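So you know, we letter chains A, B, ... as the sequences are listed, proteins then strands, and number each from 1. Note that the structure is a prediction, hence the values are computed from the model and not measured.
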Amino acid sequence: MDLSILNDVQRKAVEVVDGPILVVAGAGSGKTRVLTHRIANLIENHDIFPSGIMAITFTNKAANEMKTRIGSLIGPVTSQMWVGTFHSICVRILRRDADRIGYTSDFVIYDTQDQKALLKACYKELNIDDKQTPLKTSQFKISAAKNDMLTPELYDMQNASDYREKGFIKLYYLYQAKLKQNQAMDFDDLMLKTIELFKQNQDVLSYYQNKFKYIHVDEYQDTNRAQYTLIQYLAAKNRNLFVVGDADQSIYKWRGADIRNIREFEEDFPGAQIFKLEQNYRSKKNILDLANSVIVNNPNRRDKSLWTDQDSGEKIGYFRGYDEKDEAKFVIERIRTFIREKEYKLSDFAILYRTNAQSRSFEDQLMLNAMAYKVIGGLKFYERKEIKDLLAYMKLVVNPNDDVSFIRVINEPKRSIGGKTIEKIQAFQSKTELSLLESIPHLSQIEGIGAKAQKGLVEFYELIMGLKAKLDTAFVSQIYDELLEKLNIISLYELERSIEADARIDNIYEFKTVIEEFEKRSESPNLRDFLAETSLRSDQDNIEEQEDGVLLMTLHASKGLEFPVVFLVGLEDNLFPSFRAMDDPEELEEERRLCYVGITRAEERLFVTHARNRNQYGRFEPRHPSPFLREMDQSILENLSDQNEMPSFDPPKPKKENYFSKNALKSKQSFFGKASGTQGNTTPVASASQSATYFAGAKVNHKVFGMGLVISVGADGEMLTIAFDSCGIKKIHSGLAPIRRVD
DNA sequence: GGCACCAATTCCTTT
DNA sequence: AATTGGTGCC
């Protein structure tokens, strides 16, 4: 292994073996390299067994990459190492000893949707009105409490004197009780229950404390209180804790991440060694300068600044469009130009936005141009109805206590079992210790269930039990196949003869592929582990390397990734920063960090864009530029907007020579070229709803004069000089004359 | 119980 | 704009 490729600070950080270590790693400063070399160094030069090493990463994808990279440094010794996310590592620990805290190792993991369904049941039992207290509010409150490690009991103690909390406390108790009844844990429980396990069972804790001699945590700035505590427990004995993070990239406060965890590392671990990585290897200087110009506006920030010895690179492209469609057209046109003129492939480009909903206009344009793309996040594959249904069946096969899954699929496909029937079973259930599924054999004791419903219930029971019998002998894919066959689900969707149904069928087959891949990769492919893995899959885990396509994702999802060309879009007030952040300075700082993260994803080129109007909630509304645009160093921005679209914030008015520089002119031409439709195969129809902007080269139709070509636009952007086919050149007012654009 | 139609709500970010 | 949930009728 060659440590000479590291810079001085990196090497020093890598070579320390024992004790607590904090690596403050700015964006693109090679923290993954430090982590992998550190671990490789432990194993190769200090005879540490891989089985004594734990590394916690932010995504499973990062975990796999880390294993691969360590493997390529010192060979395939990594299989004994524990590398994974907080959630997956907790599952692994819990599977072993769940019985110590009143769970079986067959527990299932409830995602956000399941959580909601369970809360709904709690609401019903407690007569809570979901109009008065939206499910989301309770969901959020429970999660926040758990992130702060407040169990119902602790929360109760802390808030007992507050009568307004009475209702919530009751709900929280019931929710937690129901989770246990269902043998289920939500995402936050995975950490809390692991901590509980450690707290109550000294022997278990000692086992792991002794086992893991060296613990590593990546993205330490985004750990929450529970995760922090978990680490404290695990590292308490050996104190060999190596954490890497960057306070400037903390973007998960809303999920409970506590920036203090990294800021106060020295106090938590006296004698900790601290290394600061400030040389950036990722981005051109202009990109880095832009990032710095934004992040310095955060008042509560420890001063540090990244530097690079790379050249400046191109300026940062700035574009303001008429609306989101205009914005998308610009971005896609740029990508086309890049690919035509340079050696870029589609997957070199990333479009980063604040909210998932923004992907749409870009998808439309990409589709129009027949360009491959991949949207990361949004409606996840595993959240699609047909997949969730099949997952619910499989969860029930593993865990018959899972009432949430039972209710989800008992009438899917239709078995003539509705709310009334379920209520009757629940009434029976409350007198017993049985789950809904387990109640079915006792149907004779339940009054008033119709023959049709009874038949449906029994068939359902037999289906699940039939599959359960095969659990230990059959492959997951065999169970899946049998499930599909027994449910006759494909034929049912085929009968619908709709595009949506066809897509569902595709997804069902796709899911089969996912299962088969799991079986190939896993050492002991069982259904339990498969279900856990699908529940804990992150968006980034779904990025496939081999497929070429433009990447679209939220800024959050882009964390830890890098791309040659980045488009940071939708830089508008109330969108980015989010409207929720406007009145809260702390949240505004977090939005700014998010902006910083976005900028620093770019290696070679960066473009920042926004629109003057945007469709939202079906309404077309004017938008204002984001304050972050104003903060950006204007001298490194290059305005690529239509002349009519000069920015209204202190304009990044390019110096004359810039404006007419070869680059600016070239890009301008391509932009106009596209809009006026002179490029033949670009945007064929597209503009049925023509945008109201006019510019030189635009084709217009006048009610009286007929077709014409805009020659120039007045300084006010409204007086147009138009050459009409019928009557020559005329000056008319775009706001008053009966004209419209024809694309 | 199932289905069709209407109304309300949503678009902040996620394991 | 689009999805989701609710209501009322069959």
Side-chain angles (χ1 to χ4, degrees), chain A residues 56-62 84-91 109-113 115-116 120 130-131 134-136 139-140 143 146-147 185-191 219 222-224 226-227 250-257 324 352-361 364 376-380 382-383 385 410-423 449-450 452-453 456 500 532-541 553-559 570 572 574-582 584 587 590-591 593-595 597-598 614-621 689:
Chain A
I56 300 176
T57 55
F58 204 68
T59 64
N60 296 303
K61 188 178 175 235
T85 62
F86 273 105
H87 293 86
S88 65
I89 282 178
C90 285
V91 168
I109 301 163
Y110 277 180
D111 68 11
T112 320
Q113 284 180 43
Q115 221 181 337
K116 261 196 179 136
K120 222 172 184 170
D130 67 350
K131 292 228 163 51
L135 285 168
K136 262 195 172 169
Q139 201 177 9
F140 184 81
S143 180
K146 289 186 175 180
N147 286 157
M185 298 190 198
D186 62 23
F187 289 134
D188 303 315
D189 274 351
L190 296 175
M191 262 85 69
E219 308 281 8
D222 277 324
T223 50
N224 63 33
Q227 292 164 337
S250 166
I251 55 174
Y252 282 102
K253 178 174 177 276
W254 53 275
R255 208 171 79 182
E324 77 274 9
L352 308 182
Y353 36 75
R354 180 67 236 269
T355 67
N356 283 306
Q358 285 167 262
S359 73
R360 183 142 191 184
S361 52
D364 286 348
I376 312 302
L379 214 219
K380 287 169 207 100
Y382 300 98
E383 285 168 6
K385 186 187 172 299
I410 183 63
N411 205 29
E412 189 65 53
K414 301 274 177 286
R415 295 187 181 90
S416 298
I417 295 152
K420 285 269 135 50
T421 306
I422 293 173
E423 270 174 33
I449 291 181
K452 216 173 160 189
E500 297 93 59
E533 197 185 285
T534 50
S535 305
L536 298 178
R537 226 174 162 93
S538 78
D539 289 333
Q540 279 194 16
D541 300 340
M553 69 188 86
T554 62
L555 288 154
H556 283 93
S558 76
K559 179 181 175 130
E572 289 151 35
N574 288 324
L575 179 64
F576 186 31
S578 154
F579 67 100
R580 292 283 294 275
M582 298 323 268
D584 182 343
E587 273 189 55
E590 174 141 318
E591 296 280 319
R593 291 194 292 268
L594 194 53
C595 186
V597 167
R614 188 174 290 274
N615 283 295
Q616 218 171 7
Y617 301 113
R619 228 167 271 284
F620 192 65
E621 280 174 335
S689 62

### Query
DNA chain B: A/Met191 or A/Ile417, which has the more 5' nearest nucleotide?
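The answer here is A/Ile417.
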Just the rounded figure in Å: distance from [atom2] of [N] to [atom1] of [X].
X	N	atom1	atom2	answer
A/Arg255	B/dT15	CZ	C1'	5 Å
A/Glu587	B/dC12	CD	P	12 Å
A/Gln113	B/dT14	CD	P	15 Å
A/Glu572	B/dC12	CD	P	14 Å
A/Asp186	B/dT15	CG	P	15 Å
A/Ile376	B/dT15	CD1	P	12 Å
A/Phe140	B/dT15	CZ	P	16 Å
A/Lys146	B/dT15	NZ	C1'	13 Å

### Task
Using the test side-chain contact (heavy atoms from CB on, under 4.5 Å), find all partners of A/Phe140 that sit at least two apart in sequence or belong to another chain.
none
### Task
Return the set of residues passing side-chain contact (heavy atoms from CB on, under 4.5 Å) with A/Lys385 (not counting sequence neighbours), or none when no residue passes.
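Per chain and number, A/Lys385 pairs via side-chain contact (heavy atoms from CB on, under 4.5 Å) with A/Asp389, A/Arg408, A/Glu412, A/Tyr493, A/Arg504.
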### Query
Of all the nucleotides listed (B/dG1, B/dC12, B/dG2), which has the minimum atom distance to the side chain of A/Thr421?
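In terms of side-chain proximity for A/Thr421, the closest of B/dG1, B/dC12, B/dG2 is B/dG1.
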### Out of B/dT15, B/dC12, B/dG1, whichever nucleotide has its closest atom nearest the side chain of A/Ser416
B/dG1
Contact class for [X] vs. all strands (heavy atom < 4.0 Å): base, sugar-phosphate, or nothing?
X	value
A/Tyr252	sugar-phosphate
A/Asp111	nothing
A/Arg360	sugar-phosphate
A/Lys452	nothing
A/Lys120	nothing
A/Asp539	sugar-phosphate
A/Gly419	sugar-phosphate

Can you name the salt bridge (charged side-chain N to carboxylate O under 4.0 Å, His left out) partners of [X], sequence neighbours left out?
X	answer
A/Glu324	none
A/Glu383	A/Lys380
A/Asp539	none
A/Glu423	A/Lys124

## Note on the structure
Hits for side chain to side chain donor-acceptor pair (under 3.5 Å) against A/Tyr110, two or more places apart or cross-chain, chain-then-number order -> A/Asp402
### Query
So do the side chains of A/Leu352 and A/Met553 get within less than 4.5 Å of each other, counting heavy atoms only?
yes
### Message
Is any side-chain heavy atom of A/Asn224 closer than 4.5 Å to one of A/Tyr252?
### Response
no
### Query
Can a donor-acceptor pair under 3.5 Å be found between the side-chain atoms of A/Arg354 and the base atoms of B/dT13?
yes
Identify the pairs formed between an N or O of the protein and an N or O of nucleotides 8-11 of chain B at a distance under 3.5 Å, and give each distance.
{"from": "B/dC11", "atom 1": "OP2", "to": "A/Lys136", "atom 2": "NZ", "distance (Å)": "2.9"}
{"from": "B/dC11", "atom 1": "O2", "to": "A/Gln616", "atom 2": "NE2", "distance (Å)": "3.4"}

Does [N] have its OP1 or OP2 closer than 4.0 Å to a side-chain nitrogen or oxygen of [X]?
X	N	result
A/Asn574	B/dC12	no
A/Thr554	B/dT14	yes
A/Asn224	B/dT15	no

### Query
Regarding A/Asp541 and A/Ser538, is there a side-chain donor-to-acceptor distance under 3.5 Å anywhere?
yes
### Message
For A/Thr57, is there any backbone N or O sitting under 3.5 Å from a side-chain donor or acceptor partner on A/Glu219?
### Response
no
### Query
Say you pick atom C1' in B/dC11 and the same atom in C/dG6; how far apart are they, in whole Å?
23 Å
#### Entry: Heavy-atom contact window of chain A on DNA chain C, given 5' to 3' at under 4.0 Å
C/dA1 to C/dA2
